[in-house]
Amino acid sequence: MEENNNNLYKHFKLSPKNTIKWDNYFEIYDSIFKKYENKKITIVEVGVGNGGSLHMWKSFFKGNARVIGIDLNPDAKKLEKDGFEIFIGDQSDKNFWSSFYNEVGKIDILLDDGGHKNIQQITSVSESINSINENGMMIIEDTHTSYMKKKGFKNPSKVSFINYCNLLIESIHRRNPMLQKKINIF
């Protein structure tokens, strides 16, 4: 892996707590997060485990980021002693998201590495899209589960996260006045 001054992989390896990330994510994250270097941002990660990735983000963004974690496991609250804001809740619950954004406000980055079931990923996107700042982004990890039958994913299916994304893309592109369709579903 190529080294640079603020290589995410370096921060991953130096994190005081373990985390699991696919190796191919790091180069992509280095590229897409470059625009946030030295800027005050709010990053939210869904699915924090033992906090390794939260430490990685804090280090990578050099203390300029408000790093917030969301997890289903109440034990994640222990990470508040490391300076993180932690919210306990179910990402597939619309009420959780409403309460979360009422308290936190708009954010710059939502990184979903929580549950990888269709309803979890879809709800995270649909309930967060209006709370992402202009020029912000959402990243959904592990979308390969849209193709998995095992482990309770029951995919491929018409209601997979990938099919939901296709619906969004179609909705955006069909807003052309020549097609006489409504503007996108959001």
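Values reported hereafter were calculated over all heavy atoms of this structure, with side chains retained and with hydrogens, waters and symmetry mates removed.
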Within this structure, what is the CD-CG distance for the pair E170 and N163, rounded to the nearest 0.5 Å? 10.5 Å
Walk me through it: do E45 and S53 pass the test side chain to side chain donor-acceptor pair (under 3.5 Å)? CA-CA 8 Å; E45 183 164 20; S53 57; 2.6 Å; yes
Which heavy-atom pair separates K77 from I86 by the least distance, and what is that distance? NZ-O, 3.0 Å
N/O donor-acceptor pair under 3.5 Å between D142 side chain and H116 backbone: no
Could you go through F161 and V125, starting from their C-alpha distance and side-chain angles, then the distance that decides it, and tell me whether this counts as side-chain contact (heavy atoms from CB on, under 4.5 Å)? CA-CA 10 Å; F161 179 70; V125 169; 3.8 Å; yes
Any donor-acceptor N/O pair, K39 side chain to F61 backbone, under 3.5 Å: no
Does I129 share a hydrophobic cluster with I119, counting links as ILVMFWY side-chain heavy atoms below 4.5 Å and allowing steps through other members? no
Between CD1 on residue I109 and CH2 on residue W57, distance to nearest 0.5 Å: 7.5 Å
Under 4.5 Å between any side-chain heavy atoms of N38 and N64, yes or no? yes
According to side chain to side chain donor-acceptor pair (under 3.5 Å), who are the partners of N155, at least two apart in sequence or on a separate chain? N118, S157
Check for a donor-acceptor pair, side chain of E127 on one end and backbone N or O of T123 on the other, with a separation under 3.5 Å. no
Is it possible for you to say whether L110 and F87 belong to one hydrophobic cluster, with membership spreading through side-chain heavy-atom contacts below 4.5 Å? yes
Looking at every heavy atom in both Y147 and I162, which two are closest together, and how far apart are they? OH-CG2, 3.3 Å
I'd like a table of donor-acceptor pairs (distance under 3.5 Å, sequence neighbours excluded) in which one partner is a side-chain atom from residues 131-139, with atom names and distances.
unit_1, atom_1, unit_2, atom_2, d
N133, ND2, I107, O, 3.4
N133, ND2, D108, OD1, 3.2

Pair Y29 + F60: ring centers closer than 6.0 Å: no
Is D82 close to K58 at the side-chain level, that is, under 4.5 Å between some pair of heavy atoms? no
Decide whether Q91 and D112 meet the rule of one side-chain donor and one side-chain acceptor closer than 3.5 Å. yes
Crowding at NZ, K81 (>12 non-hydrogen neighbours, <6.0 Å): yes
So how far is it from M148 CE to S160 OG, rounded to the nearest 0.5 Å? 13.0 Å
Between the side chain of S99 and the main-chain N/O of N95, is any donor-acceptor distance below 3.5 Å? no
Taking the side chain as C-beta and beyond, is there a heavy-atom pair between S146 and Y164 under 4.5 Å? no
Does any part of the side chain of F26, heavy atoms only, come nearer than 4.5 Å to the side chain of M56, both counted from C-beta? yes
I43 side chain reached by Y36 side chain, heavy atoms, under 4.5 Å: no
Least distance between heavy atoms, F84 atom then L79 atom: CD1-O, 3.5 Å
Does the pair V46 and D113 meet the rule for a side-chain contact (heavy atoms from CB on, under 4.5 Å), with working shown? CA-CA 5 Å; V46 180; D113 190 19; over 6 Å; no
Tell me whether N102 contacts the main-chain N or O of S98 through its side chain, where contact means a donor paired with an acceptor under 3.5 Å. yes
Within 6.0 angstrom of K35 NZ, more than 12 heavy atoms from elsewhere: yes
If you apply the rule side-chain contact (heavy atoms from CB on, under 4.5 Å), what do you find for R66 with V104, and how did you get there? CA-CA 10 Å; R66 176 183 181 195; V104 170; 4.0 Å; yes
Is it true that a side-chain atom of K154 and a backbone atom of K117 form a donor plus acceptor pair closer than 3.5 Å? no
Report whether F96 and L72 are members of the same hydrophobic cluster (ILVMFWY, side-chain heavy atoms less than 4.5 Å apart, transitive linking). no
Would a hydrophobic clustering, with Ile, Leu, Val, Met, Phe, Trp and Tyr connected at side-chain separations under 4.5 Å, put I169 with V159? no
Distance-only donor-acceptor check, side chains S128 and Y101, under 3.5 Å: yes
Distance (rounded to the nearest 0.5 Å) between I68 CD1 and E103 CD: 9.0 Å
Expected output: side-chain K40 to main-chain A65 donor-acceptor under 3.5 Å: no
Could you tell me the separation between the CD1 atom of I88 and the CG atom of D71, rounded to the nearest 0.5 Å? 6.0 Å
Between the main-chain N or O of Q120 and the side-chain N or O of S124, is there a donor-acceptor pair closer than 3.5 Å? yes
